[in-house]
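Only one structure is covered here, and it is reproduced in the block below.
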Amino acid sequence: MAAAVEISKRSSSVVVSEIHDAAASSIDIPTPQKIAGSPPADGTVKVAVAADDAQTQTSSDQTTHDQKLRNGGSEQTSNTMGGNGAADYVGISEGPSPRVVNHGRKVSVLPLVFLIFYEVSGGPFGIEDSVNAAGPLLALAGFLIFPLIWSVPEALITAEMGTMFPENGGYVVWVSSAIGPFWGFQQGWMKWLSGVIDNALYPVLFLDYLKSGIPALGGGLPRVMAVLALTIVLTYMNYRGLTIVGWVAVLLGVFSILPFVVMGFISIPKLRPKRWLVADTHNVDWNLYLNTLFWNLNYWDSISTLAGEVETHGKLCQKLFYALILVVLGYFFPLLTGTGAIPLHRDLWTDGYFSDVAMIIGGVWLRWWIQGAAALSNMGMFVAEMSSDSFQLLGMAERGMLPEFFARRSRYGTPLVGILFSASGVVLLSWLSFQEIVAAENFLYCFGMILEFIAFVRLRIIAPAAPRPYKIPVGTVGAILMCVPPTILICIVLALSSLKVMIVSLTAVVIGLILQPCIKHGEKKSWLRFSVSSDLPDMHAGIRENETLII
């Protein structure tokens, strides 16, 4: 009955979803939709089937599979503790792109664009220090040139890798597949920690914008209670579902951008172009300048941790492009307005100065509008960042890199445990100052980006034929060259870090290096339960281009 059919990976254009020989029904056959444990050592799958039945399934298997998809199930397959653990994947299949099971309503185009906008920006709030550090000319030039050096390469890499790995692990899966699960865990630890540190900033800034009208929020018990209350409300939004978060981001984004559009029209008669050309290169605070640019133009890769919740993965590049335009314009034109319409006083250009600019240009009503937009923008950045952080933990658990309770979803399809952990981290870190938060998160983020660049280049080398719904139109050499400028920038940012920030950040890195072996030890001792989601594609498949698959 059975016949062996050899199909080269290079020419194969079909995927057998599930094949079960009735005469050998006790044999469990791994497929891209249902994988448990490790593949054979030689990277091949050998199954005896009838040649005529190669593209068919038994009706009972199809019914079960369809029922699971309808229910949006998150079935997971437990792995043996130790040995070939669930996270020990090092390659990627070169077959067609995998399906990802729908756990709820997917995020559509407009909400996704604004989620990316809030992951990266949230509006021009916080860019004032660039003028303080370097003057109008360098500030304006920075927000035009820096995106080309940093934002565009990061967004393009995110688009390629995010469509290559359409699941919630995001950059953790990229690094794990390219250089192994140990470094994948380190990537997840550093990126999650930098995200939580970043998110601790937003409740604080929200209250800082309100304390001028409500002085009691300036400190003491009222401020502590307000931070807790705000964190609880915004965390509940994340719990209720990513669709809600996405449309909240749209509404907050429009409200945050609109007052600067109005301010720009009002300022036209007052603009003096020569003010934009003021520069004092001998009096530049390069550390403050670069950290301000870096903080306001990074985190493009954060949306990758929501890849499993996104519609039309192949168009991720298009959505990132829309968000990039929105971010750059949202920074550049308010700077043109603020520096061109009023006389320059560099020492006044600090966080929150745009509200004073609005007062001078438009009056009290515009100032209140800017302050309200700033406060709500911080809410938008909080919910977007928490979504990314919590889905990252869920994605790591679905890959067996964290205990399986991190993969638990609420009835709304949201990562319940991940949200609780991220919210707890925000509360614990909310006592840090603005400058310490920015510097510490930048330091950790830089380490994570270096690993992403390595993973991107290595996967181009070892898996050139792997399916990429979007692929950057450059070869391997071009991919390497594209990563050189942002890597140089990363080295500069790290070199300019203060000793205090460097010590704190390196301590966090060391904790991650120790934490991963401890978790693996807990897995071997059966203290913690780990599993890999059966809905995810097999990451163990061989990547050798001419390897033969026996079906």
Side-chain angles (χ1 to χ4, degrees), residues 110 114 117-118 121-132 136 139-140 143 201-219 222-223 226-227 229-230 233-234 237 247-273 275-276 292 296 325-384 434:
L110 187 60
F114 275 89
F117 172 72
Y118 271 117
S121 169
F125 314 105
I127 67 173
E128 297 96 333
D129 281 328
S130 63
V131 179
N132 184 308
L140 290 167
F143 282 102
L201 172 68
Y202 302 128
V204 174
L205 287 180
F206 179 85
L207 296 177
D208 284 343
Y209 277 101
L210 295 182
K211 68 182 181 182
S212 60
I214 310 175
L217 297 178
R223 184 179 181 87
V227 168
L230 188 60
V233 170
L234 297 179
M237 286 186 186
W247 284 108
V248 167
V250 172
L251 295 176
L252 294 180
V254 172
F255 186 80
S256 299
I257 295 171
L258 195 56
F260 290 97
V261 175
V262 174
M263 187 171 73
F265 281 113
I266 296 176
S267 69
I268 291 176
K270 303 177 182 180
L271 292 178
R272 302 293 182 269
R275 293 171 177 165
W276 297 330
T292 301
N296 283 285
I325 296 298
L326 186 62
V327 167
V328 172
L329 294 181
Y331 287 149
F332 188 73
F333 282 103
L335 274 179
L336 278 180
T337 299
T339 56
I342 64 175
L344 176 65
H345 299 284
R346 275 180 60 176
D347 57 314
L348 298 179
W349 279 85
T350 57
D351 186 46
Y353 186 61
F354 269 125
S355 62
D356 295 330
V357 173
M359 174 73 176
I360 296 170
I361 293 176
V364 176
W365 65 273
L366 188 56
R367 177 180 184 176
W368 278 107
W369 193 358
I370 293 287
Q371 287 181 334
L376 293 180
S377 174
N378 286 303
M379 293 177 61
M381 288 186 283
F382 183 99
V383 295
F434 178 86

Does any N or O in the side chain of Q371 come within less than 3.5 Å of the main-chain N or O of W369, such that one atom is a donor and the other an acceptor? no
S377 side chain to G122 backbone, donor-acceptor under 3.5 Å: yes
Going by atom type alone, with no hydrogens or angles, which donor-acceptor pairs under 3.5 Å involve a side-chain atom of residues 248-260 and a protein atom two or more places apart or on another chain?
residue : atom : partner : partner atom : Å
S256    : OG   : Y118    : OH           : 3.2
S256    : OG   : L252    : O            : 2.7
S256    : OG   : A373    : O            : 3.4

Verify side-chain contact (heavy atoms from CB on, under 4.5 Å) between V327 and F143, making sure each step is shown before the conclusion. CA-CA 10 Å; V327 167; F143 282 102; over 6 Å; no
How about V357 and I370: do any of their side-chain heavy atoms sit closer than 4.5 Å? no
Is any side-chain heavy atom of L344 closer than 4.5 Å to a side-chain heavy atom of W349? yes
Listed by chain and number, what are the salt bridge (charged side-chain N to carboxylate O under 4.0 Å, His left out) partners of R275, not counting sequence neighbours? none
Mind checking what makes side-chain contact (heavy atoms from CB on, under 4.5 Å) contact with I360, not counting sequence neighbours? I342
How close do T292 and G126 get, heavy atom to heavy atom, and via which atoms? CG2-O, 3.7 Å
For the residue pair P124 and L335, establish whether any side-chain heavy-atom pair is separated by less than 4.5 Å. no
Can you tell if the side chain of I361 reaches within under 4.5 Å of the side chain of M263, non-hydrogen atoms only? yes
For F332, does the CZ atom sit with more than 12 other heavy atoms under 6.0 Å from it, leaving out its own atoms? yes
Looking at side-chain heavy atoms only, is the closest gap between M359 and V364 below 4.5 Å? yes
With S121, which residues qualify under side-chain hydrogen bond (donor to acceptor under 3.5 Å, both in side chains), at least two apart? Y331
Could you tell me which non-hydrogen atom of A139 sits nearest to which non-hydrogen atom of V131, and how far apart they are? CB-CG2, 3.9 Å
Roughly how far, to the nearest 0.5 Å, is the CZ atom of R346 from the OG1 atom of T339? 12.5 Å
Residues forming a side-chain contact (heavy atoms from CB on, under 4.5 Å) with A226, sequence neighbours excluded: L207, L217
Scan residues 358-376 for pairs that pass salt bridge (Lys or Arg N to Asp or Glu O under 4.0 Å), counting only residues two or more places apart or in two chains. D356-R367
Counting only N and O atoms by type, is there a donor-acceptor contact under 3.5 Å from the side chain of N378 to the main-chain atoms of A374? yes
How about W276 and L140: do any of their side-chain heavy atoms sit closer than 4.5 Å? yes
